[in-house]
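Remarks on the structure that follows.
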Amino acid sequence: MTMSSIKIECVLRENCHCGESPLWEEASNSLLFVDIPAKKVCRWDSLSKQVQRVTVDAPVSSVALRQLGGYVATVGTKFCALNWEDQSTVVLATVDKEKKNNRFNDGKVDPAGRYFAGTMAEETAPAVLERRQGSLYSLFPDHHVEKYFDQVDISNGLDWSLDHKIFYYIDSLSYSVDAFDYDLQTGKISNRRSVYKLEKEEQIPDGMCIDVEGKLWVACYNGGRVIHLDPETGKRLQTVKLPVDKTTSCCFGGKDYSEMYVTCARDGLDSKGLLQQPEAGGIFKITGLGVKGIPPYAYTG
């Protein structure tokens, strides 16, 4: 695969304050994503190019498919069900009740239908916050919540290996992509270790997804890139640079999951930065990567 065949285009100039959690919904040929501080869940129809937006009552940090229909989302410190038709939310569970300054950040559904998501302290500026206030949680299909660990700075990207035996996870300010042994039956994790440490110019690891070859793709906040990693060797295979600095997350979608969608932020850019990066906060599509992703799992509760 030569780099020259890779094409990067801004398919939606959404001007997200902080776009996150891209998610492909095959049934509607749509990309879902959130704008965290704007409290919006958005759905971009890739055929009509139209966007629908639902506003919720607190910062919304991730969205996922729900087997029963509609979606689930992490809103403030709540796991919620989201009915798209009437734009209503129902709280399924609440976490971090004693931490009034916390909110959820990135979340994703595991291969058994549990919704994993972690928390962080609300930022005073991008990536500036009270440290070690966050935890990692999972919402089980029966709506009970399990807490895995605390002392998290910024709970971020997550995904599972193709054989479902490894859980990959990013706590952004550790500048590391970590792996855990994973028990799909119980949802238990153990044996934390680092599989990749970020280089200085790669900046802050943010959202992450896996491809059909079991390799990871990590969006680098302030690094303006998505990096392609081999978690078994700890080597970086490829760097894809974007025309915006604050790349936040990535997912595969489109026909056969052969396209990559990347979200980004404009909060934290000054007027000069915004002039240099007019597409900041938009949705980017990358084609020609030569690898496909896997469909997202749906929450089964």
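Each residue takes its place number in the sequence, starting with 1.
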Practice task
Would you mind listing every ring pair (Phe, Tyr, Trp, His ring centres under 6.0 Å) that reaches into residues 258-282, with sequence neighbours excluded?
Solution key: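 Ring pair (Phe, Tyr, Trp, His ring centres under 6.0 Å) check on residues 258-282 returns Trp24-Tyr261.
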
Residues 82-95, side-chain donor-acceptor partners within the protein, below 3.5 Å, at least two apart:
| from | atom 1 | to | atom 2 | distance (Å) |
| --- | --- | --- | --- | --- |
| Asn83 | OD1 | Glu85 | N | 2.9 |
| Asn83 | OD1 | Asp86 | N | 3.2 |
| Trp84 | NE1 | Gln52 | OE1 | 3.2 |
| Asp86 | OD1 | Ser88 | N | 3.1 |
| Asp86 | OD1 | Ser88 | OG | 2.6 |
| Asp86 | OD2 | Ser88 | OG | 3.4 |

Would you call the rings of [X] and [Y] parallel, tilted or perpendicular, where under 30° means parallel and over 60° means perpendicular?
| X | Y | answer |
| --- | --- | --- |
| Phe116 | Phe167 | tilted |
| Trp217 | His228 | parallel |
| His164 | Tyr297 | perpendicular |

Handout entry: Derivation of the side chain to side chain contact (heavy atoms under 4.5 Å, CB included) call for Phe33 and Leu12
Key = CA-CA 12 Å; Phe33 60 95; Leu12 179 65; 3.8 Å; yes

Show the nearest heavy-atom pair for residues [X] and [Y], with the distance to one decimal.
| X | Y | answer |
| --- | --- | --- |
| Thr247 | Asp206 | O-OD2, 4.2 Å |
| Tyr169 | Ser155 | OH-OG, 2.7 Å |
| Asp230 | Glu232 | OD1-N, 2.9 Å |
| Cys251 | Cys209 | CA-SG, 3.9 Å |
| Thr300 | Pro141 | OG1-CG, 3.2 Å |
| Ala127 | Ile154 | CA-CD1, 4.2 Å |

Linking I/L/V/M/F/W/Y whenever any side-chain heavy atoms sit under 4.5 Å apart, do [X] and [Y] land together?
| X | Y | result |
| --- | --- | --- |
| Val152 | Val195 | no |
| Leu136 | Met208 | no |
| Leu162 | Val109 | yes |

Salt bridge (charged side-chain N to carboxylate O under 4.0 Å, His left out) partners of [X], counting only residues at least two apart:
| X | answer |
| --- | --- |
| Lys147 | Asp150 |
| Arg132 | none |
| Asp159 | Lys108 |

Listed once per pair and sorted, the salt bridge (charged side-chain N to carboxylate O under 4.0 Å, His left out) pairs that draw on [range], sequence neighbours left out:
| range | result |
| --- | --- |
| residues 46-75 | Glu14-Arg53 |
| residues 110-125 | Arg103-Glu122, Arg103-Glu123, Asp110-Arg114 |
| residues 179-195 | Glu146-Lys188, Asp178-Arg192, Asp181-Arg193 |
| residues 30-40 | none |

Exercise for the section: Might you work through the side chain to side chain contact (heavy atoms under 4.5 Å, CB included) test for His17 and Ile36, ending with a clear yes or no? Expected result: CA-CA 7 Å; His17 294 280; Ile36 300 178; over 6 Å; no

Practice task
Apply side-chain hydrogen bond (donor to acceptor under 3.5 Å, both in side chains) to Gln203 and list each qualifying residue two or more places apart in sequence or on a separate chain.
Solution key: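 If we apply the side-chain hydrogen bond (donor to acceptor under 3.5 Å, both in side chains) test to Gln203, skipping adjacent residues, there are no hits.
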
Problem - Whether over 12 other heavy atoms sit under 6.0 Å from Lys197 NZ - result: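 More than 12 heavy atoms, drawn from other residues, nucleotides or ligands, come within 6.0 Å of this atom.
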
Problem - NZ (Lys241) with more than 12 external heavy atoms under 6.0 Å - result: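 Atom NZ in Lys241 is not packed in, count stays at 12 or less.
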
Please output the side-chain donor-acceptor pairs of residues 277-292 that fall under 3.5 Å, not counting sequence neighbours, one pair per line with the distance.
| from | atom 1 | to | atom 2 | distance (Å) |
| --- | --- | --- | --- | --- |
| Gln277 | OE1 | Asp245 | N | 2.9 |
| Gln277 | NE2 | Asp245 | OD2 | 2.9 |

Practice task
Sort out for me which residue in Tyr148, Phe149, Trp160 forms a ring pair (Phe, Tyr, Trp, His ring centres under 6.0 Å) with Phe180.
Solution key: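 Among the candidates, only Phe149 passes.
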
Exercise for the section: Could you give me the CA-CA distance, side-chain angles and deciding distance for Trp44 and Val11, then say whether side chain to side chain contact (heavy atoms under 4.5 Å, CB included) is met? Expected result: CA-CA 10 Å; Trp44 174 72; Val11 290; 3.8 Å; yes

Problem - Pairing residues for Ala265 by the side-chain contact (heavy atoms from CB on, under 4.5 Å) criterion, not counting sequence neighbours - result: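 Per chain and number, Ala265 pairs via side-chain contact (heavy atoms from CB on, under 4.5 Å) with Cys18, Tyr221, Lys246, Thr248.
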
